[in-house]
Amino acid sequence: MLSITLKDGSVRKVEEGTTILQLATTISAGLARVAIAGKVDDEVKDLTYPLEKDAQIEILTMDSEEGLEVMRHSAAHLLALAVQNLYPGTSFGIGPSITNGFYYDFDTEHAFTPEDLEKIENEMRRIAKENLCFERAELTRDEALDYFNNKNEKYKVELINDLPGEARISTYTLGGKFIDLCAGPHIPSTKLLKAFKLQSVAGAYWRGSEKNKMLQRIYGLAFAKASDLENYLYKLEEAKRRDHRKLGQELDLFSLHDEGPGFPFFHPKGMILRNALEDFWRKEHQKRGYVEIKTPIILNRALWEQSGHWDHYQENMYYTKIDDQDFSVKPMNCPGGMIMYKTKLRSYRDLPIRCGELGLVHRHELSGALHGLLRVRNFTQDDAHIFMLPSQIKEEIIGVIELVDYFYKIFGFKYKVELSTRPENSMGSDKDWQTATDALKDALDTKGIEYKINPGDGAFYGPKIDFHLQDCLDRTWQCGTIQLDFQMPEKFDLTYIGEDGEKHRPVMIHRVVYGSIERFIALLTEHYAGAFPTWLAPVQVRILPISDKHAEYAQKVEEILKEQDIRVEIDDRREKINYKIREVQTEKIPFALVVGDKEAEQGTVAVRRYGQQNTNTMSLNEFEELINNEIKSKKTGLEDN
RNA sequence: GCCGUUAUAGCUCAGUAGGUAGAGCGUAUCCUUGGUAAGGAUAAGGUCACCGGUUCAAUCCCGGUUAACGGCUCCA
């Protein structure tokens, strides 16, 4: 008899060889009906898995993330079977579960169209109803190779060849005919697949490498029940409403044109946002002992050779010639910062030097990668280079971490932290890289910050801490970053005079907080769904006179507010108040002030906030106080933020 | 860069099974002076993305280019 410990801590005795499903049945018939798989000592197994030894077991249902994963992965097999039925001769790649669904990669001459997806989805539904079971089989490597070689499944053969020697090779048969290489586990039967929908087709390189053939990837959504799927589809629709590309156009913030792909045009209202962000940035950096510089956008080839960009960053740079000499448009601000450092002799007493620069950089991104303001070809980095003594490293990194946290909290952003280590095409010694990486880790650990390690994702000159923010579709974008660099100071022979009167090498940090002003604006737009907090709102107040008679009073109110640097305008068109209210709402202006006879007589304003139905009549003084406090606090004024 | 889709008025979109186009919103002008999400009328606005081919005739069919969109790769 085996002792099985269940999730609630109770222990059951069962015969050896009892399957997980049988175990579930002994717990309750209801549980057995909705069981998807079982977790045996932290390993997820099929329900048909026979228990061999004492273990902790949890029966997984679609209520858990793990159960959903098993179901989504099983849905991928269903998709593969449907494609095999409809398009014989297709070769199969891989078909994992992903957040909210699954995908499967196919290799076929036929190019899948959106109409095909409908056909395939119908076939999936037809098969699902057949109540097919997933049957597991274990094969030797030779058997598996034979089988998939015969079927001309070259991708599966490649996968098998790459499996480690001791690996158990398993296949699953679905409905007796479709056999797929797979470690499992799967749901017991296709009838559990109900709430799914094919989403899109996209190209995807085999094994994610652009050196390999591009396969066709079909994405699908899958949920435990239909209402979950509907909710998710609704959420997607909502997300589209928040999309910064849509809102950017509607709110007249920026535009992109054929004449400059990836080079955004900022409109007057977008510039107000930018300037507000930059003003705030300057103020906070001055407080923290930063100075600000501006370095040129075009610098000569020799500089980029010295910095290593010519060797390590060439395909991302733009080039030009001036009087027959090679020049390059800067993709990063650091070399300019190096030159600045060297303009005079530095003492250890001068360090740390925190040198900020709102620098416009240009990078040649692949055309297919461009995406609104989130991925562009020129952007302004809120950069700074901190030159310091080796003994100051930790303190300075912590200072930047705290600064980033301070900024993101103001905007109400949640963020994720990643630590990226040495990439392949990089410069410097392993020892320096190790020291730098350890310093970053140490700072993170000291602050007690959770982080994920991204192996090989560092800059070519040093490891980095990245801060990632989420867009409205849950994709994450790198914004802040802290990069520790021993290479540039070396390459540029930076020195300071130490206490001993000798020359020493300073250490350098590259860091950004917003990352790119453009990207940050995109994320802010989505985060606030275009309803910017008052301190950022391009127009903060719009005065709505009831009729021409009130124009004079409206102008008086406007003047008073303008004197306090409040961004205010009057809608004096001969339209009805309803119409003006509607417009002020669609433009997401934080405050509408309705002024008519009553207000003009009493020296008041009828205040209607964005997103609220009610009006508060108050004296102009009271309103000034309200809005000034709100601007100062940087709050949104909306309850849900 | 690669795979797929798309491109018609300032915006959102319809349309012509090949005979040079239409709606709503917006804009302008006029009427309406109206109290919290759309008052009415009239008008202006398009080389149907660009280049080429087929055709008596191309916005529509074919080829190419460019850009956008969804992914892959890459990255702030």
Side-chain angles (χ1 to χ4, degrees), chain A residues 103 105 111-117 199-219 243 245-246 249-250 252 255-262 313 315-316 331-333 359 361 363-383 420 457 459 464 466-469 473 475 477-481 483 510-520 522-523 544-551 574-586 592-599 606-608 611-615 617:
Chain A
Y103 69 77
D105 287 344
F112 294 123
T113 63
E115 293 77 53
D116 293 338
L117 287 193
Q199 211 178 5
S200 57
V201 210
Y205 298 109
W206 167 239
R207 301 194 131 184
S209 166
E210 57 187 329
K211 292 183 188 94
N212 291 337
K213 182 167 182 187
M214 181 158 273
L215 309 180
Q216 294 186 67
R217 175 172 299 177
I218 298 182
Y219 282 95
D243 194 309
R245 292 168 298 186
K246 187 173 152 66
Q249 185 190 62
E250 285 172 2
D252 202 11
S255 56
L256 285 154
H257 304 271
D258 288 7
E259 291 81 353
Y313 211 71
E315 67 281 14
N316 282 298
M332 296 187 195
N333 301 304
V361 297
R363 297 184 184 176
H364 181 232
E365 297 295 336
L366 294 178
S367 58
L370 302 179
H371 185 98
L373 288 185
L374 283 168
R375 181 65 131 286
V376 290
R377 282 180 172 157
N378 78 356
F379 56 99
T380 302
Q381 288 186 309
D382 61 319
D383 215 341
S420 297
D457 232 17
K464 53 180 188 167
D466 294 330
F467 298 84
H468 291 253
L469 299 179
L473 292 169
R475 294 174 292 208
W477 299 85
Q478 185 185 317
C479 289
T481 175
Q483 310 178 347
H510 312 240
R511 47 108 283 182
V512 288
V513 180
Y514 293 135
S516 123
I517 307 270
E518 289 75 4
R519 177 176 287 184
F520 204 79
L523 292 166
L544 313 180
I546 299 281
S547 80
D548 289 356
K549 285 185 294 186
H550 313 108
R574 294 172 66 175
E575 294 288 351
K576 290 200 170 140
I577 199 68
N578 280 339
Y579 186 87
K580 295 182 184 180
I581 291 275
R582 182 186 139 79
E583 210 151 85
V584 88
Q585 293 296 318
T586 44
L593 303 185
V594 178
V595 294
D597 286 336
K598 227 167 41 189
E599 289 77 14
V607 180
R608 180 168 166 151
Q612 289 180 9
Q613 312 287 319
N614 59 318
T615 313
T617 300

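The structure displayed is predicted, hence computed values, not measured ones. Order of the sequence lines fixes the chain letters, A, B, ..., with proteins taken first and strands second; residue numbering starts at 1 for each chain.
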ask   = How close or far is atom P of rU33(B) from atom CG of N578(A), stated in whole angstroms?
value = 16 Å

query = Reckon R574(A) has a side-chain N or O less than 4.0 Å from the OP1 or OP2 of rG39(B)?
reply = no

inquiry  = Within the 4.5 Å heavy-atom criterion, are D597(A) and I546(A) side-chain neighbours or not?
reply    = no

task = Round to a whole Å and report the spacing from CG of D116(A) to P of rU5(B).
result = 10 Å

request  = For rG63(B) versus rA7(B), give the span between their P atoms, rounded off to a whole number of Å.
outcome  = 15 Å

request  = Stems involving RNA chain B: give each as a range paired with a range, ordered by first number, where a stem means at least three consecutive Watson-Crick or G-U wobble pairs under 3.5 Å.
outcome  = B:1-7 with B:66-72, B:10-13 with B:22-25, B:27-31 with B:39-43, B:49-53 with B:61-65

task = Return the value, rounded to whole Å, for the distance between atom CD of Q585(A) and atom P of rA38(B).
result = 11 Å

message = Between P331(A) and H364(A), is there a side-chain heavy-atom distance shorter than 4.5 Å?
response = no

ask   = When you check the phosphate oxygens OP1 and OP2 of rU36(B), does a side-chain N or O of Q612(A) lie under 4.0 Å from one of them?
value = no

task = Determine the Euclidean distance between corresponding P atoms of rG40(B) and rC50(B); express it in Å to zero decimal places.
result = 36 Å

message = From CD1 of I581(A) over to C1' of rG35(B), roughly how many Å is that when rounded to an integer?
response = 9 Å

query = What interatomic distance, in whole Å, is found between P of rA28(B) and the corresponding atom of rG34(B)?
reply = 23 Å

message = Are the side chains of V607(A) and T615(A) in contact, using a 4.5 Å heavy-atom criterion?
response = no

task = Name the nucleic acid region contacted by D597(A), choosing base, sugar-phosphate or nothing; use a 4.0 angstrom heavy-atom cut-off, strictly under.
result = base

request  = Scan nucleotides 67-76 of chain B nucleotide by nucleotide, 5' to 3', and note B when protein non-hydrogen atoms come under 4.0 Å of the base, S if they reach only the sugar-phosphate, - if neither.
outcome  = S-SBBBBBBB

request  = Identify the two heavy atoms, one from L469(A) and one from C479(A), that lie closest to each other, and give their separation to 0.1 Å.
outcome  = CD1-SG, 3.7 Å

key: Interatomic distance, K211(A) NZ vs rG1(B) P [rounded to whole Å]   = 18 Å

query = Does any non-hydrogen side-chain atom of R608(A) lie less than 4.5 Å from one of Q585(A)?
reply = yes

Where R207(A) and N212(A) come nearest, the two heavy atoms and their spacing = CB-ND2, 3.9 Å

ask   = More 5' along RNA chain B: T113(A) or Q613(A), using each one's nearest nucleotide?
value = T113(A)

inquiry  = Tell me the interatomic distance from K598(A), atom NZ, to rG35(B), atom C1', rounded to whole angstroms.
reply    = 7 Å

query = rU59(B) and rU47(B): how far apart are their C1' atoms, nearest whole angstrom?
reply = 10 Å

request  = Kindly label the base of rG45(B) as syn or anti, based on whether its glycosidic torsion lies within 90° of 0.
outcome  = syn

remark   = Taking every heavy atom of A111(A) against every heavy atom of D116(A), the minimum-distance pair comes out as O-OD2, 3.6 Å

task = Specify the closest pair of heavy atoms between L523(A) and W477(A), including all atoms of both residues, with the distance to one decimal.
result = CD2-CD1, 4.0 Å

ask   = For the side chain of I546(A), counting heavy atoms from C-beta on, which of rC11(B), rU27(B), rG35(B) is nearest?
value = rG35(B)

ask   = How far, in whole Å, is rG45(B) from rA23(B) if one measures between their P atoms?
value = 14 Å

message = Please classify the nucleic acid contact of E115(A) as base, sugar-phosphate, or nothing, using heavy-atom distances under 4.0 Å.
response = nothing

query = What is the distance from atom CZ of F467(A) to atom CD of Q478(A), rounded to the nearest 0.5 Å?
reply = 10.0 Å

ask   = What's the CD1-C1' distance between I577(A) and rU32(B), to the nearest Å?
value = 15 Å

key: Whole-Å P distance, rC56(B) and rA41(B)   = 48 Å

key: rG10(B) versus rU5(B) - spacing of their P atoms, nearest Å   = 28 Å

inquiry  = Less than 4.5 Å apart, side chain to side chain, heavy atoms only: is that true for R475(A) and H371(A)?
reply    = yes

request  = Test for a donor-acceptor pair under 3.5 Å between the base of rG1(B) and the side chain of E315(A), counting only N and O atoms.
outcome  = no

query = Of the non-hydrogen atoms in D382(A) and V513(A), which two are nearest, and what is the gap between them?
reply = OD2-N, 3.0 Å

F112(A) CZ to rG4(B) C1', straight-line distance once rounded to whole Å = 12 Å

query = Taking atom P in both rA44(B) and rA21(B), what distance in whole Å separates the two?
reply = 15 Å

task = Indicate, with a heavy-atom threshold strictly under 4.0 Å, whether A606(A) touches base, sugar-phosphate, or nothing.
result = base

query = When all nucleic acid strands are considered with a 4.0 Å heavy-atom cut-off, which category describes E575(A): base, sugar-phosphate, or nothing?
reply = base

